[in-house]
Structure formats: C-alpha cells, structure tokens
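The structure under discussion is supplied below as structure tokens; questions concerning it will follow.
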Amino acid sequence: MSTDDSQSRMEAIVSLCKRRGFIFPSSEIYGGFSGVYDYGHYGTLLINNVKQAWQKNIAQERLDVVLLDSAIFMHPTAWKASGHVDGFNDPQIDCKKCKARFRADHLLESFGINADKQPLEFINQELDKLRGEKKLVCASCGSADVTEAKVFSLMVKSNLGSPTDALTEENVVYLRPETCGGIYLEYKNTIDSLHPKLPFGIAQIGKAFRNEIVAKQFVFRTREFEQMEMQYFHHSSQTKELFEQWHKDRWAFYLEYGIPEEKLKWYKHEKLAHYASEAYDIEYNYAMLGGFKEMEGVHARGDFDLTQHAKFSGTDLSYFDEATKERFVPHIVETSVGVARMTLAFIDNAYTEEVLPATKEGESGETRVVLKFDKRLAPIKVAVLPLSKKEELSVPAKEIWKTLSKKMFVEYDDTQSIGKRYRRQDEIGTPYCVTVDFDTLTDNAVTVRDRDTMEQVRIPVVELTSYFDSLF
Ligand code: ATP
C-alpha cells in the first residue's frame with residue numbers, strides 16, 4: 001500500500017470514527033488536547049466488546065487465570081523497584097528552528113537503523129553519521145539545526161495529598177505507565193486469598209499513562225490509554241513450554257476474531273531489556289498506518305519483577321511448592337496489549353468500501369462503506385427499521401426492539417429512506433437489520449438483511465429471538 005493509499009485510508013477511518021460517534025479528539029471545544037481521545041457511544045460499545053472478548057479468552061475460558069482491578073496510583077517506591085523512575089525513557093531530539101520534537105529511535109528506524117532499546121551513545125553516534133551525510137533534517141520544517149538525542153522520561157507525575165504541595169522528590173506519585181505493576185503488588189494477596197497453584201496467571205484491564213514524546217497515528221499511540229495485561233507465574237523450568245503456548249494462544253485469538261493470518265507477523269526483539277529472556281511482538285499490518293506495527297507483546301520476564309518488589313518492600317514473595325518441597329521466586333510470561341491498538345486493528349481490518357451492483361432497491365449505484373466486524377465485536381447487533389413512521393408499523397416495530405434489546409444492543413431508526421438507514425448501519429458495522437413493513441401486519445414476519453452479503457430473508461416475528469440466538 002502506498003503512502004497515499006494509507007493516508008487516504010487513515011483520513012477516511014478517522015473521519016468515519018468521528019462522524020459516526022466512535023472516537024473523538026479530546027477537549028475539541030478548547031482546541032483539542034494532544035495525544036488524548038474520547039470514545040463516543042459506538043466507540044464505547046466497541047471497546048467494551050473488545051475488552052470482553054479478551055477477558056473471555058484469557059480468563060473466562062481458562063481455569064488458571066484470575067482477574068484483578070488494581071488502582072492507578074501505587075506506592076512511589078514500586079516504580080523505583082521496577083526501574084521505571086530511572087529507566088523508562090525514550091530518546092528525544094528537538095528541532096532548534098521550529099521546536100518540533102521527535103523520537104530519535106523512530107527517526108533512525110526510518111533510515112533502516114534498528115535503534116530499539118539501544119543506549120543513547122549508540123543513537124547519537126548514528127545520528128552524527130547521518131548529520132555528516134547531511135541527511136539529518138527536521139521532518140517538520142526541513143532545518144538541519146537539530147539537537148543531539150537526550151533521554152526523556154515517559155513517567156507522568158502527579159501529587160496526591162495537600163494540593164498546595166509543590167512537586168518534590170518526596171511527594172511525587174506517578175500515574176502508572178503500565179498495568180502489570182499492580183499485578184506484581186497484588187501477587188501475594190491473590191495467592192493468600194485464592195490459593196492458586198502455580199502455574200497461574202493474573203489478568204487485568206486498566207488505564208495507563210505515558211508522556212509520549214510524539215503522540216500520533218490516531219489512537220495507535222496516545223498519552224492516556226488502556227492496557228490488557230496478563231502475567232503468568234511459573235517455575236523457571238516451564239518457561240520455554242509456556243512461552244510457546246502463550247504464543248500460540250494469543251495468535252489464535254486474533255484469527256478467531258477475524259484477522260487473517262497474512263495480516264499478522266511475529267517480531268523478535270534482538271535487544272532485550274536486561275531482565276527479559278525472550279521478547280516477541282505480534283505485529284498487525286495496519287493498512288491505515290502503511291504497514292506492520294506492534295500490537296501486542298509476549299515476553300518472558302524471568303523473576304525480575306517479584307525479586308525487585310521483594311527487595312524494595314522487604315516482603316517475601318517466594319512460592320513454596322508443596323509437591324516438590326521447593327521454595328522459589330516465580331518467573332513470569334507476560335502478554336500485553338493496548339485496547340486502542342487492538343481496536344484500531346479490528347477497525348482497520350473491518351473497514352471496507354464496496355461499489356454496489358445497480359440492481360438492489362435502495363442499494364444501487366453508490367459506494368457503500370461497511371465495517372465488517374466479527375459479530376461479537378459489533379457495537380450494535382441489530383437495527384429495527386420500520387418502513388413508515390405510522391403507528392401501525394411503529395407499534396409492532398417498537399415491540400420487536402423491546403424484546404430484542406433485553407438480550408443485546410439494538411437500535412431503532414425510523415428516519416430517512418431505508419437505503420440511507422442501511423448505509424448508516426453498515427458504517428457502524430451492525431450485522432443485521434430488521435425491516436418492519438406493511439406485509440408484517442398480515443404475515444407477522446419481518447425482513448432480516450445481512451450486513452455482509454446484503455441478502456434478505458423473511459422471518460416470522462415469533463421466531464426472531466431464537467433466530468438471533470442462533471446467529472450470535
Ligand atoms: P512502543 O514500542 O510502540 O512504544 P512499547 O514496546 O513501549 O510500545 P509496551 O510497553 O510493551 O509497549 O506496552 C504493551 C502494549 O501496550 C503495546 O504493545 C501496545 O499495544 C500498548 N501501548 C503501549 N504504549 C502505548 C501508547 N502510548 N498508546 C497506546 N497503546 C500503547
């Protein structure tokens with residue numbers, strides 16, 4: 001896909017998301033607030049379904065994973081123990097002329113240089129080479145007057161307690177930059193209360209905050225976002241086998257929800273964080289972003305996390321295995337994905353433009369935009385569309401809406417032509433439209449239209465609930 005194609009696809013999707021109430025730029029009436037987004041009605045339903053799908057797959061359908069909802073604020077020492085206070089940085093360069101900021105590693109990447117997790121020294125050496133070749137220019141204004149790289153902390157600071165306190169080393173607290181921190185701190189309470197046997201996992205969904213140098217590419221990289229993370233505690237002898245199993249399971253999840261295999265690939269991190277033994281990302285080919293990008297990480301973290309928190313807190317976080325009589329600090333395999341990155345992949349995959357055949361009534365001669373979501377992810381499952389606003393149709397139509405809405409989100413729409421109403425439902429990805437027409441009054445049946453095939457079938461009203469039960 002050329003840059004032009006990906007850009008126009010990006011514009012079309014961003015525009016659809018706003019126009020149809022999925023995703024809005026935050027604080028727009030104040031001119032916007034960079035790197036933060038709000039989710040409208042359909043966006044809220046969509047991300048709820050995405051989160052539910054993840055939770056079902058990772059916890060509900062397994063006996064060995066339990067849930068957690070830990071607080072955003074944690075004891076500040078926890079972030080010292082984890083290494084975030086000193087080491088959660090990205091390399092930043094500034095344009096001295098237009099003041100634009102860039103991630104130095106991303107800039108090097110655009111020249112084919114892999115600077116992922118490389119030390120500042122390496123990054124500056126590579127930047128110097130480019131400078132020498134007169135290739136290092138500001139991507140925004142073209143000036144060659146750019147600074148060398150320096151580290152920029154991604155931690156977002158806050159202060160709790162007295163609001164008059166200035167932010168000092170002592171009173172600073174952080175908004176968590178990832179949700180797994182809370183899992184390590186509640187590992188002991190989980191063991192003591194639920195008594196799970198190793199290996200087992202703790203999964204949670206929650207907000208995370210990062211002071212990203214550049215927040216761009218729509219909701220792919222934002223400063224406030226949600227993560228879905230699972231930490232799987234085990235004996236180190238099982239790491240290899242479990243790592244492979246989680247690889248398979250996470251990959252299978254995306255296939256199950258309609259992402260074709262050719263749009264996914266594994267990226268192996270060559271340069272590992274000092275504690276990690278293996279790190280892979282599942283990359284999705286975001287057509288709207290012009291190629292493969294990290295969607296989810298699957299990492300083997302060793303025993304670093306529990307060892308560090310045991311050391312800094314003074315609490316014993318070791319595990320005693322009754323069967324082998326061995327005491328040890330559990331190792332961890334982690335799976336970690338952003339709600340928005342996953343949702344964006346589902347939107348990108350679902351977004352389809354189709355030129356309609358000139359035959360079907362109300363559906364001819366135009367391009368229809370349709371979000372072909374997996375039905376389980378679709379924000380609205382069914383739309384009830386009476387052909388007329390007259391009472392003789394609106395009464396039975398509302399009755400149908402009332403019955404179906406007890407089970408799922410169902411929309412009722414009686415405005416404009418039926419063709420326009422189909423278009424609206426296609427654009428928000430509603431799998432089925434139920435049309436109530438004048439024949440309904442005599443045959444007690446309705447027309448059900450399928451979003452993807454646009455085929456229509458006549459179904460008796462009394463059978464509608466069981467019909468949809470079988471489809472969902
Ligand atoms: P990147 O290299 O893209 O900055 P990362 O390797 O720092 O990401 P992790 O710390 O491994 O990301 O976070 C796990 C997951 O959380 C990512 O795979 C991604 O899905 C999500 N994520 C991380 N940062 C952001 C962000 N700023 N906005 C949205 N999602 C994010």
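Both counts, for ligands and for their atoms, begin at 1 and track the order of listing. Keep in mind that what you see is a predicted model, and the values were worked out from it rather than measured.
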*Using distance alone, decide if ligand 1 has a nitrogen or oxygen within less than 3.5 Å of any nitrogen or oxygen in G338.*
yes
*Can you list the ligand 1 atoms lying under 4.0 Å from a non-hydrogen atom of V337?*
20 (O)
*Could you list the atoms of ligand 1 found under 4.0 angstrom from a heavy atom of M295?*
18 (O), 19 (C), 20 (O)
*Would you confirm whether R451, through its side chain, and F373, through its main-chain N or O, come within 3.5 Å as a donor-acceptor pair?*
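Yes, because the side chain of R451 sits within donor-acceptor range (under 3.5 Å) of the backbone of F373.
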_Nearest-contact summary for atom 19 (C) of ligand 1 - protein heavy atom, Å_ = R341 NH1, 3.5 Å
_Expected output: side-chain Q204 to main-chain C180 donor-acceptor under 3.5 Å_ =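 Between the backbone of C180 and the side chain of Q204 there is no qualifying donor-acceptor contact (under 3.5 Å).
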*State whether F253 and R250 meet the cation-pi test: NZ (Lys) or CZ (Arg) under 6.0 Å from the six-membered ring centroid, and within 45° of the perpendicular axis.*
yes
_Residue list, ring-ring contact (aromatic ring centres under 6.0 Å, His included) with F292, at least two apart or on another chain_ =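 In terms of ring-ring contact (aromatic ring centres under 6.0 Å, His included), with neighbours along the sequence ignored, F292 is linked to no residue.
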*For atom 22 (N) of ligand 1, which protein heavy atom lies nearest, and how many Å away is it?*
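Answer, as residue, atom name and distance: F225 CE1, 3.6 Å.
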*What's the shortest distance from atom 29 (C) of ligand 1 to any protein heavy atom, and which residue and atom give it?*
F220 O, 3.2 Å
*Which of the numbered atoms in ligand 1 are below 4.0 angstrom from a heavy atom of E212?*
24 (N), 26 (C), 27 (N)
*Would you say the side-chain atoms of N124 pair up with the backbone N or O of A149, donor to acceptor, closer than 3.5 Å?*
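Indeed, once roles are kept as given, a pair shorter than 3.5 Å links the two residues.
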*Using a 4.0 Å heavy-atom threshold (strictly under), name the region of Q227 that reaches ligand 1: side chain, backbone, both or neither.*
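Within the 4.0 Å criterion, Q227 contacts ligand 1 through side-chain atoms alone.
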_Once you restrict to heavy atoms under 4.0 Å, what part of R210 touches ligand 1? Side chain, backbone, both or neither._
side chain
*Cation-aromatic face contact R176/F73, 6.0 Å, 45 degrees*: no
*Write down the atom of P379, the atom of F409, and the distance for their closest heavy-atom approach.*
O-CB, 3.7 Å
_Nearest-neighbour protein heavy atom for atom 11 (O) of ligand 1, which is reported as residue plus atom name and distance_ =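 I find the closest protein heavy atom is E294 OE2, 3.7 Å.
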_Just to confirm my output: which protein heavy-atom neighbour is closest to atom 28 (N) of ligand 1, and how far is it?_
T222 N, 3.0 Å
*Who gets closest to atom 15 (C) of ligand 1 by heavy atom: S336, A340, G35, C180?*
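The option holding the nearest heavy atom is S336.
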*Answer yes or no: is there a donor N or O on one side and an acceptor on the other, between the side chain of D303 and the main chain of V329, under 3.5 Å?*
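Not confirmed, D303 side chain does not pair with V329 backbone.
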*Heavy-atom gap R103 to ligand 1 smaller than 4.0 Å*: yes
*What protein heavy atom sits nearest atom 4 (O) of ligand 1, and how far off is it?*
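The closest one turns out to be R221 NH1, 2.7 Å.
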*Mind checking what makes side chain to side chain contact (heavy atoms under 4.5 Å, CB included) contact with E261, not counting sequence neighbours?*
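With sequence neighbours excluded, E261 shows a side chain to side chain contact (heavy atoms under 4.5 Å, CB included) to W251, L255, given in chain and number order.
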